[in-house]
Amino acid sequence: MAICCFPNCAYLSETSRMISVYKRLKASCEDVVLATHGGSFEFVLKEEGIPYKHLEPFVTNELSLEWAAISRVEKGVLSGYYSVEELEKHVNSEMAFFNENNVRAVLSGYTLSNALSTRALGIPYVTTHLGSWVPPVFEFNMNPWPVNGDNIFTRFIPASVKIKMTNYGILRVRTHRPINILAKKLNIPEFKNFLDLTSGDLTLVTDCPEILGIPAGTIENWVPKNPKLFNHELKMKYVGPIFAELFGEIPDRVKSFYNTQLPKIYVALATSRPDYMEAVLSILKDMEVKVIICTAVHNLKNGSHPNILIEKHLPSHKVMPLADLAIIHGGQGSVQTAISASTPVLGFPLHPEQDFNLRLVEKNGGGICVSLKNLKKKKFREHIERIISD
């Protein structure tokens, strides 16, 4: 009987986290398999030499970019990631694979169809993709008002009221309609909200109490104040940070480039948009700094500059210790890699959980969280100079 790791390879963070877990399970002599519907970062599995099953329907690079835009709440907020027909194909394919491989537990990496296929078969469903963004955070009103959330209508609302509003709202964000249509067809309980869907039978909290600020006993014995918000029993456990230590060495050209007395900046914006990357580069080109930018799946038009080195992929856990500053969006993997490297961060979040991660860093003195307005107004340079001169 096997444990199945199931990353959503449309996202580097979920792919790399599942690789870390897969390696640990294999080292512990567990019977473990890895499956995915694919995505832009499927190549990482191949580079790591990990055997895996590529299940239909396949997720193309174009669909990966579309899903990333949905995650950034830029499109498809109401319709979601799947149509009912597409979702049913994903779920049926997964159920067939789980049965064929005698899978006894599924560790999901934001593959939302897993929440249906596992429940339909009665297989334990374990998740890591919430990171620290778990239900108790919102019950305790710990999630801040989004750094990108202010407008002419909200700026006059008291901060305490806005914090209550955002935490109340997140606990009640409805899941996408196709999910519950198929849940009903599969004769499993519908999902009351997005956290009900994305939490597992066991949710692994990939953080530590000292950073998150919630005692282990509170997390691991949590009972919701309002049970009506959840149709599925939720159990959580702290497991500590899980961040990528991926393939590859630092190329000699990178070592040579960073052999300088100038401040060294590492830009890692894998889930970004090209225009945001271009905006960051336009600011850095006018500064006396050395910049390495990891573009991942993006192609940049205006990156050529003697003080800028563009790389498609780099092992971040090896590069960040060399940098004086990391510019990131605030995914937990990037945040934890930077903390481990003792590298301060400057982050502008695109997703709500990135906002939360960066606020935790800022609260503990490890960096600065800024809004997209700072980027567009070119105030970014002031924040960069503040960090590298401190």
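Computed from a predicted structure; not experimentally measured.
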May I ask you to say whether [X] pairs ionically with [Y], meaning some side-chain N is under 4.0 Å from a carboxylate O?
{"X": "Arg104", "Y": "Glu30", "answer": "yes"}
{"X": "Asp201", "Y": "Arg119", "answer": "yes"}
{"X": "Lys185", "Y": "Glu88", "answer": "yes"}
{"X": "Lys89", "Y": "Glu86", "answer": "no"}
{"X": "Glu190", "Y": "Lys184", "answer": "no"}
{"X": "Asp286", "Y": "Arg381", "answer": "no"}

Compare all side-chain heavy atoms of [X] with those of [Y] and state whether any distance is below 4.5 angstrom.
{"X": "Leu269", "Y": "Val267", "answer": "yes"}
{"X": "Thr175", "Y": "Asn193", "answer": "no"}
{"X": "Leu107", "Y": "Thr128", "answer": "yes"}
{"X": "Leu171", "Y": "Asn167", "answer": "no"}

Are there over 12 heavy-atom neighbours, none belonging to [X], within less than 6.0 Å of that residue's [atom1]?
{"X": "Phe58", "atom1": "CZ", "answer": "yes"}
{"X": "Asn187", "atom1": "CG", "answer": "no"}
{"X": "Arg24", "atom1": "CZ", "answer": "no"}
{"X": "Arg386", "atom1": "CZ", "answer": "no"}
{"X": "Arg174", "atom1": "CZ", "answer": "no"}
{"X": "Glu220", "atom1": "CD", "answer": "yes"}

Please answer whether the main-chain N or O of [Y] pairs with a side-chain N or O of [X] as donor and acceptor at a distance below 3.5 Å.
{"X": "Asp207", "Y": "Gly131", "value": "no"}
{"X": "Thr36", "Y": "Pro7", "value": "yes"}
{"X": "Thr343", "Y": "Met320", "value": "yes"}
{"X": "Asn374", "Y": "Val370", "value": "no"}
{"X": "Ser256", "Y": "Asp252", "value": "no"}
{"X": "His176", "Y": "Pro178", "value": "no"}
{"X": "Asn364", "Y": "Gly366", "value": "no"}

I want to know whether [X] and [Y] have ring centres closer than 6.0 Å.
{"X": "Tyr11", "Y": "Trp67", "value": "no"}
{"X": "Tyr22", "Y": "Tyr52", "value": "no"}
{"X": "His317", "Y": "Phe243", "value": "no"}
{"X": "His90", "Y": "Tyr82", "value": "yes"}
{"X": "Phe6", "Y": "His37", "value": "yes"}

Please find the pair of heavy atoms, one from [X] and one from [Y], that lie closest to each other, and give the distance.
{"X": "Asn114", "Y": "Ser108", "result": "OD1-OG, 3.1 Å"}
{"X": "Leu358", "Y": "Gly330", "result": "CG-CA, 3.7 Å"}
{"X": "Pro146", "Y": "Arg359", "result": "C-NH2, 3.6 Å"}

